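Since the structure is predicted, the reported quantities are computational estimates derived from the model, not experimental observations.
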Amino acid sequence: MTSSYEFNTYPARLSDAERERVLDVLREGAAQGKLSHETFVHRMELVLTARRSEELTALTADLVEERRWSRRLYGAVGRISAFSVRLRRAWQAEKLPPLLLPEPGPHPLRIGRDPANGLRLSHDTVSRVHAELSHQGRLWVLRDLGSTNGTTVNGRRVVGAIVVGDGDMVGFGSMSFRLTAR
């Protein structure tokens, strides 16, 4: 008898840097008189509760006046920045110890400090029952189990569950590994 697991996947949490960029645009808009104090405060609250990048973009859509050359310049800078982030992550990933993906099975692999876990990590920043890794169809899903110091994938905190694969950097508290299928 095969049991199926239900799971909700959530997008990775927005970074503080993304939120700070939008707050800077809002501050500038308020300083230029484009936003009233009430509108500024309301949008600032929305920035802090936003879950997706599209929500952040919508909050500044009326404040950003881009010309054609500035769009090209911002696009080029964005691509260079994204490349440097990918390069840094690849460099960091190669230095991390590998974490071998287990053979797919009917039960998830529990990760944490508790000796009953399938993968025991004896570190103060790892919760007793920190996370679980399960094989769902053809995908590997990593779920944070309410850990104190969080679970990360490629530098972004996991909220709920996220699909992972070979080469991803995963962190449990302050312990980090590179997932490998070999």
Colleague: Under the 3.5 angstrom rule, does the side chain of Asn117 hit a backbone N or O of Val129 as a donor-acceptor pair?
Modeller: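 Judged by distance alone, no pair lies under 3.5 Å.
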Colleague: Indicate the atoms forming the closest heavy-atom contact of Ala50 with Arg19, along with that distance.
Modeller: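 Nearest heavy atoms, Ala50 then Arg19: O-NH2, 3.0 Å.
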Colleague: Got Thr148 and Thr125 here, is their nearest side-chain heavy-atom distance under 4.5 Å?
Modeller: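 Thr148 vs Thr125: side chains apart.
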Colleague: When rounded to the nearest 0.5 angstrom, what distance separates CZ in Arg156 from CD1 in Ile162?
Modeller: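 That separation rounds to 8.5 Å.
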Colleague: Counting C-beta onward and ignoring hydrogens, is there a side-chain heavy-atom pair between Asp168 and Arg178 closer than 4.5 Å?
Modeller: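 No. Closest side-chain heavy atoms not under 4.5 Å.
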Colleague: Which heavy atom in Asn149 sits nearest to a heavy atom in Arg157, and how many Å separate them?
Modeller: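 Shortest heavy-atom contact: C-NH2, 4.0 Å.
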Colleague: Where do Asp144 and Gly150 come nearest, in terms of heavy atoms and distance?
Modeller: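 That would be OD1-C, 3.9 Å.
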Colleague: Which pair of non-hydrogen atoms, one from Glu132 and one from Pro108, has the smallest distance, and what is that distance?
Modeller: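 Glu132 and Pro108 have their closest heavy atoms at OE1-CG, 3.6 Å.
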Colleague: Please report the interatomic distance OG(Ser147) to CZ(Arg113), rounded to the nearest 0.5 Å.
Modeller: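 One gets 11.0 Å once the value is rounded to the nearest 0.5 Å.
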Colleague: With the side chain counted from C-beta on, respond yes when Val47 and Leu56 share a heavy-atom pair under 4.5 Å apart, and no when they do not.
Modeller: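 Sidechains of Leu56 and Val47: in contact.
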Colleague: Quick one: does His123's side chain get under 4.5 Å of Ser174's, heavy atoms only?
Modeller: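 Yes; the side chains approach each other to less than 4.5 Å.
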Colleague: Walk me through whether Met175 and Val126 qualify under side-chain contact (heavy atoms from CB on, under 4.5 Å).
Modeller: CA-CA 8 Å; Met175 295 190 75; Val126 177; 4.0 Å; yes
Colleague: Between Leu26 and Leu63, does the side-chain contact (heavy atoms from CB on, under 4.5 Å) criterion hold? Intermediate values first, please.
Modeller: CA-CA 8 Å; Leu26 292 177; Leu63 299 176; 3.7 Å; yes
Colleague: When you measure from the side chain of Thr152 to the backbone of Gly155, do you find a donor-acceptor pair of N or O atoms at a distance under 3.5 Å?
Modeller: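 Absent.
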Colleague: Please report the closest heavy-atom contact between Ser53 and Glu18, naming both atoms and the distance.
Modeller: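 Minimum heavy-atom contact is OG-OE2, 3.5 Å.
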Colleague: Side chains of Leu133 and Leu101: does their closest heavy-atom pair fall under 4.5 Å?
Modeller: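 Contact flag for Leu133/Leu101 side chains = yes.
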Colleague: Does some side-chain heavy atom of Ile111 sit less than 4.5 Å from a side-chain heavy atom of Phe172?
Modeller: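 Yes, their side chains come closer than 4.5 Å.
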Colleague: Provide the closest heavy-atom pair for Leu179 versus Asp166 in the form atom of the first, atom of the second, distance.
Modeller: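 Nearest pair, atom of Leu179 first, then Asp166: O-OD1, 3.4 Å.
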Colleague: Is there side-chain contact between Leu145 and His130, with heavy atoms separated by less than 4.5 Å?
Modeller: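 Leu145 vs His130: side chains apart.
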Colleague: Hey, is the main chain of Thr39 close enough, under 3.5 Å, to the side chain of Ser36 for a donor-acceptor pair?
Modeller: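 Side chain of Ser36 to backbone of Thr39, a donor-acceptor pair under 3.5 Å: yes, one is there.
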Colleague: Are Leu99 and Val170 side-chain neighbours, meaning at least one heavy-atom pair lies under 4.5 Å?
Modeller: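 Yes; the side chains approach each other to less than 4.5 Å.
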Colleague: Are Leu100 and Leu119 joined in one hydrophobic group, where the rule is that I, L, V, M, F, W and Y side chains link up if heavy atoms are under 4.5 Å apart?
Modeller: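 No.
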Colleague: Phe40 and Arg27: side-chain contact (heavy atoms from CB on, under 4.5 Å), yes or no, with the steps?
Modeller: CA-CA 8 Å; Phe40 171 73; Arg27 284 186 201 104; 4.0 Å; yes
Colleague: I need the single residue from His42, Met44, Arg43 that forms a side chain to side chain contact (heavy atoms under 4.5 Å, CB included) with Leu59. Which is it?
Modeller: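 Single side chain to side chain contact (heavy atoms under 4.5 Å, CB included) partner of Leu59 among His42, Met44, Arg43: Arg43.
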Colleague: When you look at CD of Glu54, are more than 12 heavy atoms from neighbouring residues, nucleotides or ligands closer to it than 6.0 Å?
Modeller: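 Atom CD in Glu54 is packed in, count exceeds 12.
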Colleague: Please report the interatomic distance CZ(Arg52) to CG(Leu14), rounded to the nearest 0.5 Å.
Modeller: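 Going from CZ on Arg52 over to CG on Leu14, the span is 9.5 Å.
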